[in-house]
Amino acid sequence: MGAAGTRTPWHHRRGITAAAAKPGARPREAVPSADPDERVRQLQARVAELEASERKLATERDILRKAAEYFAGETNW
């Protein structure tokens, strides 16, 4: 899969190992940079990634909470 003109998995294009690409895998630590500005950019990118993940998890939690309320109300035993 790496020959010219062929498709490669997304995790290869982004430089992520296959183990890190699996759901539930721990995120790869950023490589410390000697340049403080680059380190700040890396940390800002990580913060943005974590904030996006938090929003997604909050949305999923809210959906599950509403589904649980809906189905709990439907039981007429």
Side-chain angles (χ1 to χ4, degrees):
M1 262 200 188
T6 62
R7 293 186 176 200
T8 56
W10 66 267
H11 54 83
H12 287 257
R13 290 191 304 268
R14 293 189 177 209
I16 301 171
T17 63
K22 293 180 182 173
R26 294 182 58 143
R28 187 174 77 175
E29 293 296 322
V31 177
S33 175
D35 180 21
D37 291 333
E38 178 61 26
R39 181 71 177 144
V40 169
R41 282 190 289 279
Q42 288 175 348
L43 291 173
Q44 288 172 335
R46 181 68 177 140
V47 167
E49 179 183 324
L50 291 171
E51 288 173 341
S53 177
E54 181 184 14
R55 282 190 302 274
K56 179 182 176 197
L57 290 171
T59 301
E60 291 173 352
R61 180 199 60 220
D62 293 341
I63 290 169
L64 290 171
R65 184 175 290 149
K66 289 176 184 177
E69 289 174 10
Y70 174 80
F71 288 112
E74 279 203 356
T75 57
N76 295 322
W77 308 13

_Which residues share a side chain to side chain contact (heavy atoms under 4.5 Å, CB included) with Glu51, sequence neighbours left out_ = Val47, Arg55

*Can you name the side chain to side chain contact (heavy atoms under 4.5 Å, CB included) partners of Glu60, sequence neighbours left out?*
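Only Lys56, Leu57 meet the side chain to side chain contact (heavy atoms under 4.5 Å, CB included) criterion with Glu60.
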
_Let's go through Arg39 and Leu43 carefully: what are the C-alpha distance in whole Å and the side-chain angles of both, what is the deciding distance for side chain to side chain contact (heavy atoms under 4.5 Å, CB included) to 0.1 Å, and is it a yes or a no?_
CA-CA 6 Å; Arg39 181 71 177 144; Leu43 291 173; 3.9 Å; yes

_Distance in Å, Arg41 CZ paired with Asp37 CG, rounded so as to fall on 0.5 Å steps_ = 5.5 Å

*Atom CZ of Arg65 and atom CG of Asp62: how far apart are they, to the nearest 0.5 Å?*
6.0 Å

_Carboxylate-amine/guanidinium contact Arg46 Glu49, below 4.0 Å_ = yes

